[in-house]
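Working notes, beginning with the structure itself.
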Number of protein chains: 2
Amino acid sequence: MATDRRKMIVEAAGKSFSMFGYKATTMDQVAKLAGVGKGTIYTFFKNKEELFEEIVSSLLKEMKAEAEAVIQPELPFAENVHRALYRLLEFRSHHQLMIKLIQEEKEMGTLAVSEMLQHIESEIIAYLKEKMKAAIAKGAIPAFDPEITSFLLFKMYIALVFDWEKNHEPLSSERIAEIMKALLLKGLSQ
Amino acid sequence: MATDRRKMIVEAAGKSFSMFGYKATTMDQVAKLAGVGKGTIYTFFKNKEELFEEIVSSLLKEMKAEAEAVIQPELPFAENVHRALYRLLEFRSHHQLMIKLIQEEKEMGTLAVSEMLQHIESEIIAYLKEKMKAAIAKGAIPAFDPEITSFLLFKMYIALVFDWEKNHEPLSSERIAEIMKALLLKGLSQ
DNA sequence: AATTGACCAAAAAACTAAAATGGTCAATAA
DNA sequence: TTATTGACCATTTTAGTTTTTTGGTCAATT
């Protein structure tokens with residue numbers, strides 16, 4: 001059945017991109033892994049890049065769903081950041097792809113990957129920005145520029161998750177979520 | 001006179017590294033620009049990498065001096081961050097070299113440059129960490145882990161100065177300093 | 001004693017040939 | 001008739017080779 005084949009392809013591509021990155025994933029490989037002929041892939045996806053987009057956008061959808069599942073509007077903003085972050089960090093499969101893509105961008109500079117990371121970044125920031133605007137409207141947080149603040153929130157997250165462990169022992173999910181909550185809650189005042 | 005020659009070399013190298021980066025700066029070029037024979041460079045510096053180190057460490061020294069000049073221990077911590085940051089940001093010459101190095105690391109991955117950026121990062125973070133420890137000891141800021149906090153402070157700074165302008169209009173020095181001060185002062189609470 | 005630049009080994013760049021890959025489509029299977 | 005396939009091809013990537021450039025030395029010169 002057509003739907004089954006499509007699912008097989010998406011699954012195979014997802015695994016392959018996560019394991020080998022974009023460049024090192026070949027269409028022949030994906031076809032073999034999915035157990036279909038190479039041509040079949042092209043009945044569902046215009047080209048490799050569109051297949052990649054499918055994988056990434058479903059990842060983003062999943063991440064959004066995960067976040068929504070734990071956010072409770074009546075809780076303090078910082079608490080929700082903590083909950084969403086912690087939940088997200090527990091999904092190692094999400095991370096596997098992100099790690100691979102970040103690595104590939106750094107050491108090979110693959111254009112399609114750079115563009116996709118850029119896209120992921122702007123999606124996440126846009127999401128944060130909306131949450132933040134709502135919180136400001138409710139008077140729950142001070143009215144800083146939400147564009148800049150969500151940008152910074154995202155960069156802090158990336159720094160803690162991906163940069164910190166270049167020179168230190170990795171931080172646990174709990175620790176990361178805790179740090180961001182503490183900083184956001186009180187800043188460094190008093 | 002020997003001192004004069006050395007100064008000429010350092011000046012020439014500084015300009016060249018800032019304009020062309022590490023890789024694209026040749027020793028012949030530096031010699032010509034400094035108006036000395038190439039061999040003369042090697043009477044002052046063991047090799048290209050040591051010349052590079054001289055440039056960078058004098059940059060770091062300057063930056064430290066600039067910061068010290070405006071920091072006033074009796075002011076609030078966030079206010080001092082604001083002052084130091086603003087002062088630093090006004091020195092475009094410092095930045096020219098940093099910009100070039102960050103760019104070179106990204107698009108050519110020159111090893112010597114990566115190592116140097118790593119070194120610069122750890123120097124700045126160590127400096128921040130000391131300041132932070134002192135502030136904690138005085139009870140001026142909460143006792144978060146200074147290693148992590150100074151790491152985050154640095155990453156925020158880099159994000160605002162170098163990453164923000166990839167997709168937005170650059171922020172003014174005043175704005176950047178203001179944002180960091182506001183966030184550090186109050187966080188996103190209330 | 002200090003300085004230099006021709007010189008050299010080693011590294012990088014340019015070039016070329018060979019292999020791999022994305023995408024197509026006539027043949028095949030369902 | 002429709003969905004699927006994999007041999008095939010143009011293009012890109014990689015591997016191998018040659019040429020050029022560059023960091024560093026040191027005998028000659030100032």
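Note on naming: letters A, B, ... go to the chains in the order of the sequence lines (proteins, then strands), and numbering restarts at 1 for each one. Hydrogens, waters and symmetry mates are skipped; everything else that's a heavy atom, side chains included, is used.
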Report task. Show your working on salt bridge (charged side-chain N to carboxylate O under 4.0 Å, His left out) between Glu121(B) and Lys166(A) and close with a plain yes or no. Result -> CA-CA 12 Å; Glu121(B) 174 175 325; Lys166(A) 281 173 200 156; over 6 Å; no
Query raised in the report: Between dG23(C), dT5(D), dT25(D), which nucleotide has the shortest distance from any of its atoms to the side chain of Tyr42(B)?
Result: dT25(D)
Requested in this report: Starting from C1' on dT22(D), measure out to CD on Gln29(B) and report it in whole angstrom.
Outcome: 11 Å
Query raised in the report: Counting only N and O atoms by type, is there a donor-acceptor contact under 3.5 Å from the side chain of Lys138(B) to the main-chain atoms of Pro73(B)?
Result: yes
Query raised in the report: How close or far is atom P of dT3(C) from atom CZ of Arg6(B), stated in whole angstroms?
Result: 13 Å
Query - Which nucleotide in dT14(D), dT21(C), dT3(C) has an atom nearest any side-chain atom of Lys23(A) - result: dT14(D)
Query raised in the report: Can you tell me how far P of dG23(D) sits from CG of Asp28(B), to the nearest Å?
Result: 7 Å
Query - Interatomic distance where CG belongs to Asn47(B) and C1' belongs to dT22(D) [whole Å] - result: 14 Å
Query raised in the report: Between atom CD1 in Ile41(A) and atom C1' in dG23(C), what is the gap in whole Å?
Result: 11 Å
Requested in this report: Using the ring of Tyr22(A) (Phe, Tyr or Trp, six-membered ring only), decide whether Lys48(A) places NZ or CZ under 6.0 Å from its centre and within 45 degrees of its axis.
Outcome: yes
Report summary line: Closest to the 5' end of DNA chain D, once Met108(A) and Gly37(A) are matched to their nearest nucleotides, is Gly37(A)
Report task. Please check if Leu153(B) and Leu88(B) belong to a single hydrophobic cluster, counting links between Ile, Leu, Val, Met, Phe, Trp and Tyr side chain heavy atoms closer than 4.5 Å. Result -> yes
Query raised in the report: In terms of side-chain heavy atoms of Val36(A), which of dG23(D), dT5(D), dG23(C) is nearest?
Result: dT5(D)
Query - Ile9(A) CD1 to dT4(D) P, straight-line distance once rounded to whole Å - result: 9 Å
Query raised in the report: Arg5(A) side chain N/O closer than 4.0 Å to the phosphate oxygens (OP1, OP2) of dT4(D)?
Result: yes
Query - Side chain to side chain, Thr149(B) and Ile141(B), heavy atoms closer than 4.5 Å - result: no
**Report entry** Presence of donor-acceptor pair under 3.5 Å, side chain of Lys48(B) and base of dG24(D)
**Finding:** no
Report task. Quick one: label Thr40(B) by what it contacts on the DNA or RNA (base, sugar-phosphate, nothing), any heavy atom closer than 4.0 Å. Result -> base
Requested in this report: Could you check how far CD of Glu49(B) sits from C1' of dG23(D), rounded to whole Å?
Outcome: 12 Å
**Report entry** Nucleotide dA10(C), atom P - distance to CE of Met27(B) in whole Å
**Finding:** 19 Å
Report summary line: Judged by nearest nucleotide, the residue sitting upstream toward the 5' end of DNA chain C, Gly39(A) or Thr25(A), is Thr25(A)
Query raised in the report: With respect to the side chain of Lys38(A), which nucleotide from dT3(C), dG22(C), dG24(D) is positioned closest?
Result: dG22(C)
